[in-house]
Amino acid sequence: MAAARATLSLFVPSPTPQLRPFSSFSLPARRAGSARLAASLRLGDVIEAQQFDRDALTEIFEVAREMEAVERGSHVARSRVLEGYLMATLFYEPSTRTRLSFEAAMRRLGGEVLTTENAREFSSAAKGETLEDTIRTVEGYSDIIVLRHFESGAASRAADTANIPVINAGDGPGQHPTQALLDVYTIKREIGALDGIKLGLVGDLANGRTVRSLAYLIAKYQNIKIYFVSPDVVKMKDDIKEYLTSQGVEWEESSDLLEVASKCDVIYQTRIQKERFGERVDLYEAARGKYIVDKKVLDVLPKHAVIMHPLPRLDEITVDVDSDPRAAYFRQAKNGLYIRMALLKLLLVGR
């Protein structure tokens with residue numbers, strides 16, 4: 001955010017939200033545990049997966065488990081914790097799960113939502129307004145901004161401009177940190193562990209911001225092995241491979257999905273993203289349909305393993321896989337609600 005970041009800023013939120021400086025990760029001073037989380041995250045924004053360490057992840061996941069109970073209605077007294085707060089969802093790219101889960105998360109906690117579903121066409125951006133000017137305007141109406149943008153780095157620009165928290169809900173082919181958080185949370189809930197995981201990333205690895213963010217985040221854990229399975233035109237980029245190597249994470253590229261599936265705890269399938277190919281429809285068609293999760297994959301997949309997908313899917317997971325208990329992608333999508341509830345609570349009022 002635009003305010004100075006040199007010191008940790010703590011505040012006690014008033015019943016009526018007001019504009020307040022966030023020089024770091026703003027939390028109630030009365031909670032030492034939240035202060036430790038603040039020091040761990042270092043920022044009052046959620047911009048990239050690398051900003052989280054294991055202590056922060058543990059804290060976020062604990063709050064997410066609490067949010068499961070809130071969503072089920074077993075802690076009714078706590079479900080108004082964000083009453084009086086306003087969240088602006090500013091989306092320059094299409095979204096279903098991310099936008100709706102953020103809005104549901106805010107409402108589940110008693111807050112209100114200001115939303116624009118297609119800011120690229122139906123906002124002043126169509127008139128030529130800069131992102132910075134839009135952010136300066138929107139922060140005057142809200143307490144937190146959730147931004148999806150078609151340009152990599154847009155979320156960082158927004159955070160540098162705003163004096164309220166900014167959450168990156170996906171910036172072009174850059175990152176999608178809240179998706180990575182819900183993905184790791186899902187692996188923990190489904191498999192029961194994170195250290196020692198063998199993870200197969202399949203599909204569009206060059207353009208997929210979800211797999212990039214997941215690679216950054218899972219690297220926080222020990223004894224991880226990652227398999228990259230993708231068509232040549234959308235292979236994982238070197239920056240991620242170099243980062244994993246620097247973190248001591250073993251990785252391997254493979255062209256054999258069945259062999260990889262037989263070794264993995266998690267198969268994380270992604271769609272080939274047609275919108276990232278521009279006019280090169282020939283390259284898209286060459287990549288599409290090369291790797292599909294179907295009954296053949298289920299036959300070799302270990303019984304304890306799970307299949308994940310950030311959704312939406314096209315034909316890269318066949319519908320007959322849905323009935324298999326190892327198909328975790330709709331449970332994964334639901335976990336996005338709990339993670340986003342946890343983040344909104346931590347960013348606005350603390351632990």
Side-chain angles (χ1 to χ4, degrees), residues 1-3 11 13-22 25-27 43-47 67 70-71 78-151 154-172 176-179 181-182 333 336-350:
M1 293 172 293
F11 75 98
S14 60
T16 301
Q18 55 187 326
L19 188 65
R20 47 191 177 266
F22 280 70
F25 190 91
S26 302
L27 299 169
L43 297 175
D45 312 294
V46 176
I47 303 302
M67 295 300 102
V70 170
E71 191 263 344
R78 299 173 60 188
S79 66
R80 310 304 299 175
V81 68
L82 296 185
E83 189 169 15
Y85 286 88
L86 279 169
M87 176 186 74
T89 52
L90 190 59
F91 278 58
Y92 290 78
E93 281 190 325
S95 172
T96 301
R97 278 149 295 277
T98 302
R99 185 174 65 85
L100 292 183
S101 66
F102 264 115
E103 293 178 5
M106 191 67 174
R107 294 185 185 278
R108 290 287 189 186
L109 294 174
E112 297 294 334
V113 175
L114 305 172
T115 186
T116 175
E117 183 177 359
N118 187 353
R120 192 172 188 174
E121 293 185 28
F122 302 115
S123 78
S124 291
K127 304 173 184 177
E129 183 175 57
T130 66
L131 174 64
E132 285 76 8
D133 281 1
T134 299
I135 294 297
R136 290 188 184 100
T137 301
V138 172
E139 74 173 345
Y141 309 145
S142 58
D143 301 287
I144 190 166
I145 295 172
V146 180
L147 174 70
R148 170 167 288 189
H149 203 276
F150 50 89
E151 292 181 355
S156 181
R157 286 168 52 201
D160 287 340
T161 301
N163 289 301
I164 61 175
V166 172
I167 298 177
N168 181 3
D171 57 343
H176 197 346
T178 68
Q179 179 71 45
L181 287 168
L182 76 90
L337 174 65
Y338 307 134
I339 285 292
R340 287 160 181 146
M341 288 173 72
L343 288 173
L344 291 173
K345 182 176 184 291
L346 287 167
L347 280 163
L348 288 171
V349 301

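With sequence neighbours excluded, the residues satisfying side-chain contact (heavy atoms from CB on, under 4.5 Å) with E112 are L86, R107. Shown here are the side chain to side chain donor-acceptor pair (under 3.5 Å) partners of R157, two or more places apart in sequence or in another chain: E132, E151. For H149, the ring pair (Phe, Tyr, Trp, His ring centres under 6.0 Å) test picks out Y92, with sequence neighbours left out. Taking S101 as the reference, R340 meet the side-chain contact (heavy atoms from CB on, under 4.5 Å) condition, with sequence neighbours excluded.
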Verdict with reasoning, L82 to M106, per side-chain contact (heavy atoms from CB on, under 4.5 Å): CA-CA 7 Å; L82 296 185; M106 191 67 174; 3.8 Å; yes
Given side-chain contact (heavy atoms from CB on, under 4.5 Å), test T134 with T130 step by step and report yes or no. CA-CA 6 Å; T134 299; T130 66; over 6 Å; no
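Note that CD of E71 and CZ of R108 are 4.5 Å apart. Values are rounded to the nearest 0.5 Å. One distance of note links CZ of R97 with CZ of F102; it measures 14.0 Å at 0.5 Å rounding. Rounding to the nearest 0.5 Å places CD1 of I135 at 5.5 Å from CG of L147. A distance of 9.5 Å separates CG in D143 from CG in L114, rounded to the nearest 0.5 Å. Remark: M87 CE to I167 CD1 distance equals 8.0 Å, nearest 0.5 Å. Taking CG from D171 and CD from E93, the interatomic distance works out to 9.0 Å, rounded to the nearest 0.5 Å.
Within the 4.5 Å cutoff, no side-chain heavy atoms of T178 are placed close to those of N168. At a threshold of 4.5 Å between non-hydrogen side-chain atoms, the residues L344 and Y85 do not count as touching.
With hydrogens and angles disregarded, a donor-acceptor distance shorter than 3.5 Å links the side chain of D45 to the backbone of V166. Between the side chain of S142 and the backbone N or O of I145 there is no donor-acceptor pair closer than 3.5 Å. When atom types are taken as modelled, the side chain of K345 and the backbone of V81 share no donor-acceptor pair closer than 3.5 angstrom.
A side-chain donor-acceptor contact under 3.5 Å links T115 and E103.
The minimum heavy-atom distance between T161 and E139, with the atom names listed, is O-OE2, 4.4 Å. A pairwise comparison of heavy atoms in I144 and I164 identifies N-CD1, 3.7 Å as the closest pair. Closest approach of F91 and R148 over heavy atoms only: CD2-CB, 3.5 Å. Heavy atoms only, all atoms of each residue included: L337 and A105 are closest at CD1-N, 3.5 Å. Closest heavy-atom contact between P165 and L347: CB-CD2, 4.3 Å.
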